[in-house]
Structures are given as structure tokens and as C-alpha cells.
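Okay, structure first, notes after.
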Amino acid sequence: MNKYQSDKLRAISFFLILLVIMVHSTNLSVRMDADFTAINKGLNSFLQNFISDGIAKIASPLFFAISGYLFFLNIKEGKPVEFLGKYKKRFRTLVIPYLLWSIFGLVLYFVLQSIPTFKPFFTRELIRDYSFSQVLTRIFLQPIPYQLWFIRDLTVLVLISPLVYWLLKSFRYLIVLFFLILWFINFNYVVFDNRSILFFTFGAYFSVNGIDPHNFKLNYQHIYITICWIALVFCKTALAHIGCANNTIILILQRASILLGILAIWFLYDNLLKNIDISSTRIYNLFQYTFFIYAFHEPIITIVKKSLYFFLGTTELSSFLIYLLAPTITLFFSIIVASYLKNISPALYKIITGKR
């Protein structure tokens, strides 16, 4: 992988993290203590759903595709020793950070629930009332920082990666098509999300078959892909907004928009930044904090949203302002904390970010 390709993956990953934050910034329903408030439908709810439940929905699938591609990049023959080396590395980059951030979220909620001033903001069952088995479940399976589901699923996929390799070698693109169909019909795998296996396998397909996705180029055609992506998201959002009873149509539109969105972002980068050395730009320095932002932003963004609702009230206008302010505050706070922690304790920073 050359410098341009590496920079492209870093830039896209940072952009996807921004989309993940936007997914988690939705605030169309508010629960404070025992009270539950739903924000009235209007332009605010349409915009939030258009962005967070539409445009930003490409984030996790594309992350899984990139992860699958990178995991199998140096797997040449599928021998156990090749996977063993991958397991050792992923234990450091996935398992250890997952456990540390999961425990951090649990402890943070416990502390905040113990402070009378903050307790009304956290309506989740009290941590102090958890049984031992509930604590283990929260740490290993259902972490309070719920964005960790991605690492949980990715860890499972890494464990079954020899099976994924065999399937790709045996059935090639047919296995990807099979998982695609199951994704479209919203099949429940129980042990992981239906996005996980599809897009992880999709990314792995390129590496296993020696296909470089960076070699695919589009000129003006990417404009049409982008327009179709936005149009599908708009149609899906509009149907959901007016209360369309046919959930199947909405699901198909969402699935199709995600596929087009992934293509749009992938080719837009090449066409917009192909003549720019992004490593020489100011924003490039922020790419180093991508994983920290991912792991740290929740439950921080929830705290910010509830705090802003406490001061601004629960109107449609305040909801939209919070939708813009909460992710902005969370992003800047995350970067500041990451930069400070990296400077004062680089060893700890490396551990909690998997040496990223």
C-alpha cells in the first residue's frame, strides 16, 4: 500500500468517525429521570433523520469493509500461522481497548449516578444494583459505551476469519452475494449485526482475490452515483417522515442508499483530492485521534445532549441547536483530551488506542 492509499484510508476513516458522531447526536426523544419527552415532528426531525439515519449510515458498513480488506491483506495461503499472527495483533488493537473502554463507561456511569446533582440525567438502571453477572454482561457483551458493538462484532469476525477465508476461496463473489441478500431481508445472525459479516467479507474479498480497490477509478460518473445516493436517502427519509406503513420499501431504500453511499465516498475522495497531498494539510494531524474519538465520544455526547436540554428546554428549535452543538462540543472535547493524554501519558494512550 503506497502513501496515497494509506492517506486515503486515514482520511476516510476520520470522516466516517464524524458521521458516527452524527448518528449518535440525534435527540428526537429525551428521557430525564422518569420523564420522557418526544420532540414534535417537523423540519428538525426530517433533517436529523436525513443526516443521521440516512447519510451517516454508511459509516459502520464502510468501516467493516476497510477492516476486512486490511485484515486479509497479507494472508497469502490461509495457513494457521498467518492467522495466529493476526490474532496476536488484533488482541492488542481490539480486545484490550474494548475491555478498557467498556470498564471506563461502566465506572463513569457509576460515579455520575452516585452524585445527586447528576443522577437525574442517567435513567439507566443503577450500576450499584447490578448483580455480578450483569456487570460481566455490561463489560463483555453490552457495554454502556454502545458504539463498542463495532469492536465486539469485529472481534468475533476475526475469530472466524479462517472460515471467511475458506468461504471466499471456495465460493468467491457468490458468498458476498449470499450475505448481501441476507442483509437486504434483515436476517438476524444473533451473534453479530447483519452489516458486520457482509461488509467485512466484502472488504476481505478484494484482499483474498488479489484485487486492489484503489485501482478502480471513475471520472464524471461519480457525480451521478452521489446524486442517486442523496436522492435515495431523501426518498427514504420522506416516506418515513410521512409515516409510510410499508417498512419493506423503506428498508430497501436504506440498503440501496448505503451501497451507493459507500461507492460515492470512495470515488469522491479520488476525484476531489487526487492532486492534493492531504498529509500536508492542517486537518491531517487530527487523523491520529480517530480511534480515541470513536471510543471516547459516547457516553460523553449523551452527557452533553442532556446537559444542553436541561438549559435550553425541549422545544423543536432547541432540539436542532443541540443536534448541531452536541457533536461539535464532543468532537473538540475529545480531541483536547486525546492530545493532552497523549502528551502526559503516551504509554497509557497507546494501550487504550491499541497503539494507533
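Residues D270 and K217 have side chains in contact (heavy-atom distance under 4.5 Å, counting atoms from C-beta outward). Here the side chains of Y165 and F83 are in contact, with some heavy-atom distance below 4.5 Å.
Distance check: N74 CG to M1 CE gives 9.0 Å after rounding to the nearest 0.5 Å. If you take CZ on F267 and CG on L272, they are separated by 13.0 Å, rounding to the nearest 0.5 Å. The CD1 atom of I322 sits 9.5 Å away from atom CD1 of I329, with the distance rounded to the nearest 0.5 Å. The CZ atom of F199 sits 10.0 Å away from atom CG of D193, with the distance rounded to the nearest 0.5 Å. If you take CD1 on I352 and CG on L341, they are separated by 5.0 Å, rounding to the nearest 0.5 Å. Between the OH atom in Y340 and the OG atom in S345 there is a gap of 10.0 Å [rounded to 0.5 Å].
W166 and L159 are not part of a single hydrophobic cluster, where members link through side-chain heavy atoms under 4.5 Å apart. F202 and Y269 fall within the same hydrophobic cluster, where Ile, Leu, Val, Met, Phe, Trp and Tyr residues are linked whenever their side-chain heavy atoms come under 4.5 Å apart, directly or through other members.
The only option from F200, F150, W183 that meets the ring pair (Phe, Tyr, Trp, His ring centres under 6.0 Å) definition with F64 turns out to be F150. Y309 pairs in a side chain to side chain donor-acceptor pair (under 3.5 Å) with only one of the listed residues (N27, T314, T315), which is N27.
At least one donor-acceptor pair under 3.5 Å links the side chain of R356 to the backbone N or O of T93. A donor-acceptor pair under 3.5 Å links the side-chain atoms of E82 to the main chain of K76, judged by distance alone. Although no hydrogens or angles enter the test, the distance criterion places no donor-acceptor pair under 3.5 Å between the side chain of R90 and the main chain of L94. Side chain of H297 to backbone of I293: a donor-acceptor contact under 3.5 angstrom is found. For the pair Q113 (side chain) and I127 (backbone), a donor-acceptor distance under 3.5 Å is present. T137 contributes a side-chain N or O that, together with a main-chain N or O of S133, makes up a donor-acceptor pair within less than 3.5 Å. No donor-acceptor pair closer than 3.5 Å links the side chain of S6 to the backbone N or O of N2. Side-chain atoms of Q288 come within 3.5 Å of backbone atoms of N285 as a donor-acceptor pair (strictly under, hydrogens ignored). In this structure a side-chain-to-backbone donor-acceptor pair under 3.5 Å is present from S318 to G313.
Using a 3.5 Å distance cut-off with no hydrogens or angles, the side chains of R152 and Y98 do not pair a donor with an acceptor. When only modelled atom types and interatomic distance are considered, N194 and N188 share no side-chain donor-acceptor pair under 3.5 Å. Inspection of the S45 and E316 side chains reveals no N or O donor paired with an N or O acceptor under 3.5 Å. In this model, no donor atom of one side chain and acceptor atom of the other lie less than 3.5 Å apart for Y323 and N44.
Under a cut-off of 6.0 angstrom, the local environment of NZ in K89 is sparse, with at most 12 non-hydrogen atoms contributed by other residues, nucleotides or ligands. Environment of NZ in K350: sparse, with no more than 12 heavy atoms of neighbouring residues, nucleotides or ligands closer than 6.0 Å. In this structure, Y289 places its OH atom where more than 12 heavy-atom neighbours from other residues, nucleotides or ligands lie under 6.0 Å away.
Classification of D277 and K3 as a salt-bridged pair holds, one side-chain N sitting under 4.0 Å from a carboxylate O.
Between F178 and F171, the ring centre distance reaches or exceeds 6.0 Å. Annotation: W266 is in aromatic contact with H214 [ring centroid separation under 6.0 Å]. Y189 and F192 have their aromatic ring centers within a separation under 6.0 angstrom. When ring centroids are compared, F14 and F287 come within the 6.0 Å threshold. For Y294 and F291, the ring centers sit closer than 6.0 Å to each other. Ring centroids of F234 and W229 are separated by 6.0 Å or more, keeping the two rings apart. For H24 and Y146, the ring centers are positioned less than 6.0 Å apart.
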L9 and I12: CA distance, side-chain angles, deciding distance, side-chain contact (heavy atoms from CB on, under 4.5 Å) verdict: CA-CA 5 Å; L9 292 181; I12 289 179; 5.5 Å; no
What do the steps show when you test D153 against R195 for salt bridge (Lys or Arg N to Asp or Glu O under 4.0 Å), and what is the final call? CA-CA 10 Å; D153 279 21; R195 290 168 290 180; over 6 Å; no
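Taking the six-membered ring where the residue is Trp, W101 and F292 present perpendicular rings, their angle passing 60° and hence far from 30°.
Note that K86 lies in the cation-pi zone of F71, set by a 6.0 Å cut-off to the ring centre and a 45° limit from the axis. For the pair R10 and Y284, the cation sits on the ring face: its NZ or CZ lies under 6.0 Å from the ring centre, inside 45° of the axis.
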